[in-house]
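Heads up: the structure comes next, in structure tokens.
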Number of protein chains: 2
Amino acid sequence: MGITIRDVAQAAGVSTATVSRALRGLANVDEQTRARVERAAAELDYVISPSASRLASGRTGSVAVITPYIARWFFSTVLSGVESTLQGAGMDLLLMTVSNPDAQHRLPPAPRLRRRVDGALIIAIPPDDQQLADVLKLDLPTSLIGVSVGDVPSVTIDDVYAARMATQHLLNLGHQRIGLIAGSGSRSPFTAEKDRHRGFVEAMNEARLPIAPHLQALGFFTSAGGEQAMTALLAQRERPTAVFCMSDEMAFGAMRALRSHGLQPGRDISLIGVDGHDMSELLELTTVEQPVHDMGRIAAEALLVQLHSDNQIKAQSVVLPTRLVVRASTAPIAPGQ
Amino acid sequence: MGITIRDVAQAAGVSTATVSRALRGLANVDEQTRARVERAAAELDYVISPSASRLASGRTGSVAVITPYIARWFFSTVLSGVESTLQGAGMDLLLMTVSNPDAQHRLPPAPRLRRRVDGALIIAIPPDDQQLADVLKLDLPTSLIGVSVGDVPSVTIDDVYAARMATQHLLNLGHQRIGLIAGSGSRSPFTAEKDRHRGFVEAMNEARLPIAPHLQALGFFTSAGGEQAMTALLAQRERPTAVFCMSDEMAFGAMRALRSHGLQPGRDISLIGVDGHDMSELLELTTVEQPVHDMGRIAAEALLVQLHSDNQIKAQSVVLPTRLVVRASTAPIAPGQ
DNA sequence: TTGTAAGCGTTATCAA
DNA sequence: TTGATAACGCTTACAA
């Protein structure tokens with residue numbers, strides 16, 4: 001039923017080997033011959049069989065992208081950066097999720113990767129995740145995004161610095177009673193959360209300000225969680241005048257909590273996030289932006305280089321810059337607060 | 001370097017044919033033998049070579065998902081529904097974008113699909129898109145999501161009805177001067193937009209209300225576009241008392257435009273969207289929810305059935321229900337308006 | 001520059 | 001239920 005390389009060879013009056021070389025653009029083929037082969041292939045509407053090619057060559061021409069979530073802003077934005085890069089390089093992108101509590105009972109990813117892809121891109125999986133460890137053990141060319149583990153090449157931001165920048169912004173505005181909405185707290189598996197916490201602490205320490213436990217709450221990186229956390233902070237006898245939220249989504253929730261208390265972000269309590277979420281501009285949230293799309297793109301590019309250099313060159317880890325974007329949700333502390 | 005089926009056969013003392021049968025769970029294998037084979041495979045840490053298996057069997061075990069966008073709410077949410085279903089069935093998911101103006105100069109998808117996947121899922125590509133036509137011409141088992149073309153199986157909502165429901169809600173609240181924020185207007189390639197427009201018109205006609213051209217604006221399905229559109233509507237001599245936005249994201253933008261004019265959604269001007277976007281609840285937007293995640297799941301399930309029935313059974317098209325969710329952004333018209 | 005031919009690691013047919 | 005063995009369609013030494 002399918003046209004094979006033999007049909008093309010016959011039509012072009014050459015051997016299958018020559019067809020293979022011609023169609024893959026290898027150097028040592030006469031241009032006349034190549035043209036003839038290409039014409040024959042086009043006329044027969046021939047497409048190469050990837051399975052056969054993979055089996056014979058040992059290369060799969062595909063890259064796995066492993067992520068805990070698909071429908072969350074950070075992850076889908078990284079994914080879009082990855083996708084356009086891989087597509088541009090003619091690589092297939094195999095998408096699989098992992099560590100997602102919504103889908104516990106699945107095949108773990110490591111066995112699904114073996115003999116199936118040339119490399120893997122891994123988005124923000126906690127560094128101590130067992131499934132991550134299993135994947136890394138496969139010793140596939142790999143780049144990490146938004147997380148770093150050992151000496152595996154990664155693309156990240158400086159989370160300590162990002163948090164310092166955010167906190168310092170609040171300090172610069174004169175705030176002293178600064179609250180914190182974290183993710184899952186000290187038990188968090190994420191490096192990003194630990195680092196953002198450290199940045200917050202460092203900035204506060206430098207300003208010689210106390211870190212009040214009752215001004216801290218957990219928002220689990222969701223907007224619903226952020227809303228609850230902010231509500232808890234508002235219930236304290238002494239409310240914060242500003243709050244550093246470890247993610248924009250939690251800050252959105254916090255904004256809502258403020259509104260339901262008749263308070264206005266910026267005017268009554270300042271709010272700052274981290275991410276540069278699509279909705280931040282709309283909601284006028286001050287935030288520390290990270291270049292999420294670029295993180296995906298750059299990680300994919302690094303992986304491609306590694307793949308094309310026969311894995312001789314191990315990619316370097318990259319730390320991308322972040323940027324404070326000031327909007328209406330932060331303002332100088334009001335006199336008397 | 002790799003363990004092959006021959007190694008397992010040797011270790012288990014059987015033929016490669018038996019190993020193949022045993023490992024794939026075929027019926028006619030003695031349970032004793034199967035156990036022995038499985039043990040041998042486990043001990044050798046054997047994994048099947050997909051390329052070889054594909055070449056020999058003709059099945060690829062993978063499904064392509066073709067989408068114009070990845071990092072937009074609707075698309076990433078559909079994708080997550082698709083992914084969990086395919087993953088559960090042990091199918092590989094090949095992700096590729098198409099028709100995306102951000103990435104014009106790419107290989108078209110049709111050639112990339114041939115001999116590579118067993119089926120395709122296509123998310124909301126305009127029905128008259130040439131690349132869509134090319135993909136459908138491949139005559140691969142296919143399900144469409146959020147769009148319908150000819151008799152290709154699809155999973156959609158009733159967009160006419162959704163728009164009627166939204167408009168009727170505003171009418172029920174006593175609004176008469178109802179504005180419309182559409183996508184790209186009459187030239188829109190999307191069925192969804194045309195249908196939503198029709199639903200709006202039908203509801204207005206039934207209420208014997210005029211459809212004022214100056215109360216209509218285009219928002220291009222983005223929040224920035226929605227903001228501009230609402231701003232334009234507010235500049236009219238006679239403002240609408242309520243606006244039907246064809247998507248939640250445009251409604252978010254419209255909300256912002258209201259706020260910058262010192263107006264409050266619901267109190268001053270009612271706003272309703274379509275989607276059930278994650279942020280709608282937070283922003284208290286009334287909307288007509290569509291079951292986006294389920295649309296992905298159901299389309300994937302239908303495709304799997306088609307694949308497993310040797311394509312004998314052609315999947316049916318499914319229209320899923322939508323649901324009005326009333327929040328603070330809509331309210332009865334104020335007396336005197 | 002081109003051709004020959006031996007793999008690549010399965011699956012599937014047929015016979016036992 | 002099991003085994004031999006011929007595909008499957010390409011790539012890649014190696015030879016010419």
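Within every chain, numbering begins at 1; the chains are lettered A, B, ... in the order of the sequence lines, protein sequences first and strands thereafter.
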| query | Among D:dT12, D:dA4, C:dT10, which nucleotide sits nearest the side chain of A:S20? | reply | D:dT12
| Within the structure, does a side-chain N or O atom of A:S49 lie under 4.0 Å from either OP1 or OP2 of D:dG9? | no
| message | Any salt bridge linking B:R114 with A:D45? Criterion: basic side-chain nitrogen under 4.0 Å from a carboxylate oxygen. | response | yes
| task | Rounded to the nearest angstrom, tell me the gap between atom CD1 in A:I5 and atom C1' in C:dT2. | result | 14 Å
| said: Looking at B:Q10, I'd like to know if its CD atom is crowded, meaning that more than 12 non-hydrogen atoms belonging to other residues, nucleotides or ligands lie closer than 6.0 Å. | reply: no
| message | Whole angstroms only, please: what is the CD1-C1' distance between A:I48 and D:dT11? | response | 9 Å
| query | Going by atom types only, do B:T97 and A:E83 share a side-chain donor-acceptor pair under 3.5 Å? | reply | yes
| side-chain contact (heavy atoms from CB on, under 4.5 Å), paired with B:V152, selected from B:I122, B:L132, B:L136 | B:L136
| message | Looking at C:dT2, I'd like to know if its phosphate oxygens (OP1 or OP2) sit under 4.0 Å from a side-chain N or O belonging to A:S15. | response | no
| task | Measure from NZ or CZ of A:R72 to the centre of the six-membered ring of A:F74, then state whether that distance is under 6.0 Å and the direction lies within 45° of the axis. | result | no
| query | Heavy-atom contacts under 4.0 Å between residues 29-42 of chain B and DNA chain C, which residues? | reply | none
| field | d(CZ, B:R6; P, D:dA4) in whole Å | value | 13 Å
| said: If you define the side chain from C-beta out and look only at heavy atoms, does anything of B:T191 sit under 4.5 Å from B:V149? | reply: no
| query | Please give, in whole Å, the distance from D:dG3 P to B:N28 CG? | reply | 12 Å
| said: Less than 4.5 Å apart, side chain to side chain, heavy atoms only: is that true for B:Y69 and B:I123? | reply: no
| task | Let me know the distance between CD1 of A:I3 and C1' of D:dG9, rounded to the nearest Å. | result | 13 Å
| note | Rounded to whole Å, CG of A:L26 lies from C1' of C:dT1 at a distance of 12 Å
| request: For DNA chain D, determine which residues of residues 51-64 of chain B have any heavy atom closer than 4.0 angstrom to one of its atoms, and list them numerically. | output: B:L55, B:A56
| task | Of all the heavy-atom pairs spanning B:V117 and B:V63, show the shortest one and how long it is. | result | CG1-C, 4.2 Å
| said: Could you tell me if A:T77 and A:S80 have a donor-acceptor pair between their side chains, going purely by distance under 3.5 Å? | reply: no
| said: Can you measure B:L44 atom CG to C:dG9 atom C1' for me and round it to whole angstrom units? | reply: 15 Å
| C:dT11 C1' sits how many Å from B:L23 CG, rounded? | 13 Å
| remark: All heavy atoms of B:M295 vs all of B:L320, minimum pair found to be CG-CD1, 3.7 Å
| query | Under a 4.0 Å N-O cut-off, is there an ion pair linking B:E301 with B:R297? | reply | yes
| message | Can you identify which nucleotide, out of D:dG3, D:dT11, C:dT10, has its nearest atom closest to the A:R115 side chain? | response | C:dT10
| query | Is B:D92 salt-bridged to B:R54, cutoff N-O under 4.0 Å? | reply | yes
Give me, pair by pair, the N or O atoms of the protein and of nucleotides 14-16 of chain C that are less than 3.5 Å apart, along with how far apart they are.
none

